[in-house]
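If you read the sequence from its start, that first residue is 1, and numbering goes on from there. Quick caveat, the model's predicted, so the values are computed rather than measured.
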Amino acid sequence: MGFSRDIKTNIVLFLVFLLVYVITFVGNGIIICVIIYSPQLHVPMYFFLCILSFLDLSYSSTVLPKLLSDLLSTAPTISIGACAMQLCFIILLGGTECLLLALMAYDRYLAICRPLHYPVLMRWRTCYWLTAIMWLIAFTLFVLPSILVPVPICYPNRVNHFMCEVLAVLKLACEKIYTSELVIFYTSFMSLLLPFLFILISYTCILASVLKIRTTGRSKAFSTCTSHISVVVLFFGTGMTMYFGPSSQYSSNHEKYISVFYVILTPMLNPIIYSLNNKDVKGTFRKVVVKITALKSASTME
């Protein structure tokens, strides 16, 4: 059902969301390219940041292209199979991002609280294994239960949302959905609450450790965490409001606007937050721009 049936409103929304998608695509693409092509950024912290940008890019691409086409359509529709696929990808990517943010907090904890052991504990082999386990856990704990507990859908059906979001789809159920409600609560607890508690514990330890450092070293220690904290607050704040707040009594117009924040706006804001708050990313990006400019000027002179 989207946001509105008014053509003028949909055209304005199309232009807004197209701009958001372009910024998201370019911003996360730049982060990925800068990290891959800059040897000085080949450290675990930026490896995880690169994965975060990939997840944000995939998250937006799962929802926005279909949304953009629907905004220009007089009768937007989606097949049951496509809806199920979009739903599974949203759960997988959202759950993986929650785990990744917890993993990034653990990385910062080791770097600040156990700096001497950090090179051993966060070797590249360990990073690769942690990433593989993260994806496996996300699929096993979040996607698989949703597949194993199918919901019978009534016809005709209208999804009161701009995407196949789990709470919106559940409104179409023909029978009691007690088991599905338990699955949603379990998934929300495992993907949102547990990682968030882990992040809180990690940053409590980091804060206690940083307060022991002399004043001159505190700002440097905090500067490596501010970007991550901003992203955590933005992503988990909107996600918990959606699934643990009063709006969790299934899909409503209020829920659609909350979804815009954590599905559409957060992937756009993440690269901006990291590029503004991170000196290494900004410095490396400037160097890349200078190199490209120098190469262009050299080619024109030839």
* To do: May I ask you to check whether over 12 heavy atoms, not counting those of Y118, lie within 6.0 Å of atom OH?
  => yes
* To do: Might you confirm whether atom CZ of R5 has over 12 heavy atoms from other residues, nucleotides or ligands at distances under 6.0 Å?
  => yes
* Asked: Which of these passes side-chain contact (heavy atoms from CB on, under 4.5 Å) with H228: V231, V232, T226?
  -> V232
* What is the minimum heavy-atom distance between P267 and T24, and which atoms define it? -> O-CG2, 3.7 Å
* To do: Search all heavy atoms of S191 against all heavy atoms of P195 and return the closest pair with its distance.
  => O-CG, 3.3 Å
* Please list, chain by chain and in numerical order, all residues satisfying side chain to side chain donor-acceptor pair (under 3.5 Å) with Y109, sequence neighbours excluded. => none
* Side chain proximity check, I35 to F47, heavy atoms < 4.5 angstrom -> no
* Asked: Are I30 and P271 side-chain neighbours, meaning at least one heavy-atom pair lies under 4.5 Å?
  -> no
* Structure fact -> So CG of L99 and OG1 of T131: to nearest 0.5 Å the spacing works out to 11.5 Å
* Asked: Is there side-chain contact between H117 and L110, with at least one heavy-atom pair below 4.5 Å?
  -> no
* Asked: For the hydrophobic clusters of this structure (ILVMFWY residues joined by side-chain heavy atoms under 4.5 Å, transitively), does one cluster hold both L269 and V233?
  -> yes
* Inspect the surroundings of CZ in F3 and state if more than 12 heavy atoms from other residues, nucleotides or ligands are less than 6.0 Å away. => yes
* **Residues, nucleotides or ligands: over 12 heavy atoms within 6.0 Å of Y128 OH** => yes
* Asked: Less than 4.5 Å apart, any side-chain heavy atom of I147 and any of C88?
  -> yes
* Structure fact -> dist L103:CG -> L130:CG (nearest 0.5 Å) comes out at 5.5 Å
* Is L144 linked to M85 within one hydrophobic cluster, defined over Ile, Leu, Val, Met, Phe, Trp and Tyr using a side-chain heavy-atom separation of less than 4.5 Å? -> no
* Joint cluster assignment, I32 & V22, ILVMFWY side-chain distance < 4.5 Å -> yes
* To do: Verify, without hydrogens or angle tests, whether T126 (side chain) and M122 (backbone) share a donor-acceptor contact under 3.5 angstrom.
  => no
* Structure fact -> Separation between CH2 (W129) and CE (M134), nearest 0.5 Å, reads 14.5 Å
* Looking only at heavy atoms, what is the nearest atom pair of I199 and A102, with distance? -> CG1-CA, 3.7 Å
* Structure fact -> Residues P44 and C127: closest non-hydrogen pair is CB-SG, 3.7 Å
* Separation between CG of L234 and OG1 of T266, rounded to the nearest 0.5 Å -> 3.5 Å
* Asked: Same cluster for I137 and L148 if Ile/Leu/Val/Met/Phe/Trp/Tyr side chains link at under 4.5 Å?
  -> yes
* Side chains of Y46 and H42: closer than 4.5 Å at any heavy-atom pair? -> no
* T238 side-chain N/O to I258 backbone N/O, donor-acceptor pair under 3.5 Å -> no
* Asked: So, C113 with C205, SGs under 2.5 angstrom?
  -> no
* Over all heavy atoms of both residues, which pair between P76 and S73 is shortest? Give the atoms and the distance, please. => N-OG, 3.5 Å
* Asked: How far does CG of L136 sit from OG1 of T140, to the nearest 0.5 angstrom?
  -> 4.0 Å
* Structure fact -> In F139, F142, W135, the residue satisfying side-chain contact (heavy atoms from CB on, under 4.5 Å) with T96 is W135
* Taking the side chain as C-beta and beyond, is there a heavy-atom pair between Y203 and I206 under 4.5 Å? -> yes
* Determine whether V143 and F89 fall in the same hydrophobic cluster, where Ile, Leu, Val, Met, Phe, Trp and Tyr are linked whenever their side-chain heavy atoms lie under 4.5 Å apart. => no
* Give a yes or no on this: more than 12 heavy atoms of other residues, nucleotides or ligands lie within 6.0 Å of atom CH2 of W124. => yes
* **Nearest heavy atoms of I112 and S209, plus distance in Å** => O-OG, 3.9 Å
* Please confirm whether F162 and F17 have ring centers closer than 6.0 angstrom. => no
* To do: Fit a plane to each ring of F236 and F196, take the angle between them on a 0 to 90° scale, and name the class: parallel (under 30°), tilted (30 to 60°) or perpendicular (over 60°).
  => tilted
* Asked: After noting the C-alpha distance and the side-chain angles of M163 and I264, does the key distance pass the side chain to side chain contact (heavy atoms under 4.5 Å, CB included) rule?
  -> CA-CA 11 Å; M163 63 180 183; I264 296 175; over 6 Å; no
Indicate every side-chain donor-acceptor pair of residues 57-72 with a distance under 3.5 Å to a residue at least two apart or in another chain.
residue : atom : partner : partner atom : Å
S58     : OG   : F54     : O            : 2.9
S60     : OG   : D56     : O            : 3.3
S61     : OG   : Y21     : OH           : 2.9
S61     : OG   : L57     : O            : 2.8
T62     : OG1  : S58     : O            : 2.7
K66     : NZ   : D70     : OD1          : 3.2
K66     : NZ   : T77     : O            : 2.6
S69     : OG   : K66     : O            : 2.7

* **I7 atom CD1, over 12 foreign heavy atoms within 6.0 Å** => no
* Asked: Measuring from I11:CD1 to K8:NZ, what's the distance to the nearest 0.5 Å?
  -> 9.0 Å
* Answer whether the closest heavy-atom distance between the side chains of S53 and N270 falls below 4.5 Å. => no
* **Greater than 12 external heavy atoms within 6.0 Å of F14's CZ** => yes
